[in-house]
Enquirer: 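Supplied in C-alpha cells, the structure appears directly below.
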Amino acid sequence: MFLICKNHDYLFEMENIVRIFFPMEKIVTLEEDLPDTDGMFSTILTKTDGGADLFAKAVLHNQTATATRFATDAQLLCADGEWLMASALCECLTELTGYKPPWGLMTGVRPSKLMRSYIEQFGVEKAIDRFVNFLEVSPAKAQLAVSVAEAEDAVVALSDENSVSQYASVPFCPSRCSYCSFVSHSVKQAAKLIPDYTALLCREITENARIADELGLQTLSFYIGGGTPTSLTAEQLKEITDAVKNAIDLAKVREYTVEAGRPDTITREKLQVLFDAGVTRISVNPQTFNDNVLSLIGRKHTVADFYSAFNTAREIGFDNINMDLIAGLPGDSPDSFADSIRQAIALDPENITVHTLALKRSSELVTEHEWHKAAKDTVQMLDTASELLTAAGYKPYYMYRQSKCIGNLENVGWCKPGKECIYNVYMMEEVHTVLASGGGAVTKLKDPHSAKIERIFNFKYPYEYVSRFDELLARKDRIASFYGEVRI
C-alpha cells in the first residue's frame, strides 16, 4: 500500500489512521502523488489565503473515495490541522471498507489520559464535545473515557511525590499462546536457566528496595507479572516472595498482586505460598469460557481447569481476584463471548479485565473482508461486555490500547467499587516511578513535579539477564542521580 503525504508533515498520524483499517499491511510512504492505483491513499495540503485546503483520496478494489477539509492558519499552527487531515482520510477509508472506528481519529495508547487532560482544561461537558464532534469518537466511547478518567482520579490521589510502585518480571510460560506478543519463554526450554534467573531476580528486587529506602520512597503497589509467574515451582515462588517480604515493609504496601494467569500452572500449593506471603490480589485468567476457542489459541487448559483453579483460590482465602477475557479470539462469536462474560460475572470476581485481541502476524489476517468483519464483531462484543458488566455493578477504572488491536479498540479493567488495581492505573497513566526487576522489565523514573519520564531498560532475554547482571545493576546508579536532579 502507498501513503502519499504532500506538502505537510503529518506522516506519522496519517500512517496511524491507515493502520486502523489495515494493521498488518506494509505501507510505503511518498511525498509526491501517483496515478491512481489499488491500495493508494493520498493526502495533500494546499495553502490558501487564511489557511489551507486539505484533500484526501483513497483507491481500493477499483473504488475511489475523496474528502476535503479546510484548516485556518491558527489550526495549522497547532495539532488541529493534523486532526482535520486525519478526519478527511478516515472518511475515505470508512466509505471504502464499511468500518467506522468507534474511537474515531484517536490512535494513542491512553484515551483516558487525554480525556483527563481535556477535563482539566475545559470541564467534562466540553471535553466530551471535543471527543465526539472533533475527534469523531462515538458518544459511548467518550463516556467510557470519562468514567475511567474519574475512577483514575481517585487512585491518583493516593500517590504523592515520594510514592513508587515496583514490578518483577517472570518471563516464562508452559507454552506460547498463538496471540501472545510478550517476551516469554517456555519453561521446558529454559529449565536450566530458571534457578539462576530466580536468584538474580531476588537480588534485583532487594537492590530496588534498598535504593527506594535510601531515597525515602514509599512503595504503594508491588506487581509480579510475566509470562506466567506460576510457571515456576512452589519453591521458586517462595524464594521470590521471601525476597519481597524481606526487602519491603508490606504493611505499608496498599496492593500486592501476582498474575497467576494460566489455570494449567496453578496448584493449591502454589496458591498457598502466595497467600502466606501476603499477596492481596491475583489473576486467574480463563480468556474465554469456550473450550473450542481455547484449543484454537493454544491454551493448554480447559474451562473445567479454570473453575478448579478459581475455586481453589477462593477456598484458600483470596478475596481479590481478577479474570482476563479476550474479545475477538479466533473461532469466537458475539454470542459466545457474551456467554463468557455472563459466566465470569456469575463467579463474582472482584475484577474482570476485557482485552481486545492484538494481532501479531500477517498470517492471522486472512483477507481484508474477514478483518473488517472481525472488527465489527469485536465492537459488538465490547458493547455487550459493557452492558452486562455495568448491570452487574462493575465499573471501568483503567483503559489502554495496544498496537494492532482489532478495530483500534480498547482493553478495559472493570472492578467492583473499591477494588481497583492501583498498580494498573499508576503504570498506565505514568503517575509515579515504577522500579522494575527481571528480564525485559523497564524502570520508569517519573519526575513528581513535571511530565518528565526517563527509562532504564533491563536486558530483554533471560540468558542476557543472567550473563550481564552486574552491568544491569550498574545502571541503577541513575535512579539516585535522577532524584537528586528533580528534587533540587
Enquirer: Is a side-chain N or O of Tyr99 found less than 3.5 angstrom from the main chain of Gly407, in a donor-acceptor match?
Expert: yes

Enquirer: Looking only at heavy atoms, what is the nearest atom pair of Ala358 and Ser403, with distance?
Expert: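 Shortest heavy-atom separation between Ala358 and Ser403 comes out as CB-O, 3.8 Å.
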
Enquirer: Would you please test Thr288 and Ile326 for side-chain contact (heavy atoms from CB on, under 4.5 Å) and show each step?
Expert: CA-CA 7 Å; Thr288 173; Ile326 301 178; over 6 Å; no

Enquirer: So does Glu430 pair up with Arg110, basic N to acidic O under 4.0 Å?
Expert: yes

Enquirer: CH2/Trp414 to CE/Met399 distance, rounded to the nearest 0.5 angstrom?
Expert: 10.0 Å

Enquirer: Would one find more than 12 heavy atoms of other residues, nucleotides or ligands at under 6.0 Å from atom CD of Gln121?
Expert: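 More than 12 heavy atoms, drawn from other residues, nucleotides or ligands, come within 6.0 Å of this atom.
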
Enquirer: Within the side chain of Asp447, is there an N or O that forms a donor-acceptor pair under 3.5 Å with the backbone of Lys452?
Expert: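 Not confirmed, Asp447 side chain does not pair with Lys452 backbone.
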
Enquirer: Can you name the closest pair of heavy atoms from Ile341 and Ala385 and give their distance?
Expert: CD1-CB, 3.9 Å

Enquirer: Do Pro349 and Tyr394 have side chains that get closer than 4.5 Å, going by heavy atoms?
Expert: yes

Enquirer: Taking atom types as modelled and ignoring hydrogens, do the side chains of Tyr400 and Glu429 form a donor-acceptor contact shorter than 3.5 angstrom?
Expert: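 Tyr400 vs Glu429: no donor-acceptor pair found between side chains.
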
Enquirer: So, applying side-chain hydrogen bond (donor to acceptor under 3.5 Å, both in side chains) with Lys57, which one of Asp36, Thr64, Thr68 is it?
Expert: Asp36

Enquirer: Rounded to the nearest 0.5 Å, what's the gap from CG on Asp335 to CG on Asp377? Could you check?
Expert: 10.0 Å

Enquirer: How long is the straight-line distance from CZ of Phe41 back to CG of Leu60, given to the nearest 0.5 Å?
Expert: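 One finds 5.5 Å between CG of Leu60 and CZ of Phe41.
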
Enquirer: Thr228 versus Val170: any side-chain heavy-atom pair under 4.5 Å?
Expert: no

Enquirer: Side chains of Asn320 and Thr280 only: does a donor on one sit below 3.5 Å from an acceptor on the other?
Expert: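 No donor-acceptor contact under 3.5 Å links the two side chains.
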
Enquirer: Looking at Arg69 and Glu91, is any side-chain nitrogen of the basic one under 4.0 Å from a carboxylate oxygen of the acidic one?
Expert: yes

Enquirer: Give a yes or no on whether a salt bridge exists between Arg314 and Asp348, defined as a side-chain N under 4.0 angstrom from a carboxylate O.
Expert: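 Here Arg314 does not pair with Asp348 in a salt bridge, since their nearest N and O are not under 4.0 Å apart.
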
Enquirer: Is there a donor-acceptor pair under 3.5 Å between the side chain of Gln380 and the backbone N or O of Pro334?
Expert: no

Enquirer: Quick one: does Tyr398's side chain have a donor or acceptor within less than 3.5 Å of a partner on Ile422's backbone?
Expert: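 Not at all, since once roles are kept as given, no pair shorter than 3.5 Å links the two residues.
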
Enquirer: Assess the residue pair Gln218 and Val164 against the criterion (side-chain contact (heavy atoms from CB on, under 4.5 Å)); give the C-alpha distance rounded to whole Å, side-chain angles, the decisive distance to 0.1 Å, and a yes or no.
Expert: CA-CA 6 Å; Gln218 175 59 49; Val164 298; over 6 Å; no

Enquirer: Taking the basic N atoms (NZ, or NE/NH1/NH2) and the acidic carboxylate oxygens, is any pair closer than 4.0 Å for Glu485 and Arg478?
Expert: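 Here Glu485 pairs with Arg478 in a salt bridge, since their nearest N and O are under 4.0 Å apart.
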
Enquirer: Assign the ring pair Trp83 / Phe134 to parallel, tilted or perpendicular, where the plane angle (0 to 90°) is split at 30° and 60°.
Expert: perpendicular

Enquirer: Are the charged groups of Arg116 and Glu150 less than 4.0 angstrom apart, N to O?
Expert: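 No, this pair does not count.
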
Enquirer: Any chance CZ of Phe70 has more than 12 other-residue heavy atoms, nucleotides or ligands included, within less than 6.0 Å?
Expert: yes

Enquirer: Apply side-chain contact (heavy atoms from CB on, under 4.5 Å) to the pair Tyr423 and Arg281, showing each step before the final yes or no.
Expert: CA-CA 11 Å; Tyr423 173 83; Arg281 179 180 182 275; over 6 Å; no

Enquirer: Does Asn411 reach the main-chain N or O of Thr356 with its side chain, forming a donor-acceptor pair under 3.5 Å?
Expert: yes

Enquirer: Can you tell whether the side chains of Lys395 and Glu420 come within less than 4.0 Å, N to carboxylate O?
Expert: yes

Enquirer: Would you mind writing out the side-chain donor-acceptor pairs for residues 137-145 within the sub-3.5 Å range, not counting sequence neighbours?
Expert:
residue, atom, partner, partner atom, Å
Ser138, OG, Lys141, N, 3.2
Lys141, NZ, Glu410, OE1, 3.4
Lys141, NZ, Glu410, OE2, 2.6

Enquirer: With distance as the sole test, does Thr43 use its side chain to make a donor-acceptor pair with the main-chain N or O of Ile4 at under 3.5 Å?
Expert: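 Such a contact is found between Thr43 side chain and Ile4 backbone.
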
Enquirer: Parallel under 30°, tilted from 30 to 60°, perpendicular over 60°: which one fits the rings of Phe306 and Phe289?
Expert: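 Ring orientation, 0 to 90° scale: perpendicular.
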
Enquirer: State whether Asp53 and Lys47 are salt-bridged, where the test is any N-O pair (Lys NZ or Arg NE/NH1/NH2 against Asp/Glu carboxylate O) under 4.0 Å.
Expert: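 Salt bridge between Asp53 and Lys47, a charged N being under 4.0 Å from a carboxylate O: no.
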
Enquirer: Please walk me through it: do Ile211 and Lys476 pass side-chain contact (heavy atoms from CB on, under 4.5 Å)?
Expert: CA-CA 9 Å; Ile211 294 170; Lys476 295 188 181 296; 3.8 Å; yes

Enquirer: Would you say Leu409 and Leu382 make side-chain contact, with heavy atoms under 4.5 Å?
Expert: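 Leu409 reaches Leu382 side chain to side chain.
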
Enquirer: When you look at CG of Asp160, are more than 12 heavy atoms from neighbouring residues, nucleotides or ligands closer to it than 6.0 Å?
Expert: yes

Enquirer: Could you measure the distance from the CD atom of Gln287 to the CG atom of Leu294? Nearest 0.5 Å is fine.
Expert: 8.0 Å

Enquirer: Any side-chain heavy-atom pair from His432 and Leu220 closer than 4.5 angstrom?
Expert: yes

Enquirer: Would you say Gln343's side chain and Ser340's backbone share a donor-acceptor pair under 3.5 angstrom?
Expert: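 Between the backbone of Ser340 and the side chain of Gln343 there is no qualifying donor-acceptor contact (under 3.5 Å).
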
Enquirer: Would you find a donor on one side and an acceptor on the other, under 3.5 Å apart, between the side chain of Asn311 and the backbone of Tyr307?
Expert: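 Yes; judged by distance alone, with no hydrogens or angles, the pair exists.
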
Enquirer: Tyr483 and Thr433: side-chain donor and acceptor closer than 3.5 Å?
Expert: yes

Enquirer: Looking just at side-chain N and O atoms, do Tyr397 and Asn351 make a donor-acceptor pair shorter than 3.5 Å?
Expert: yes

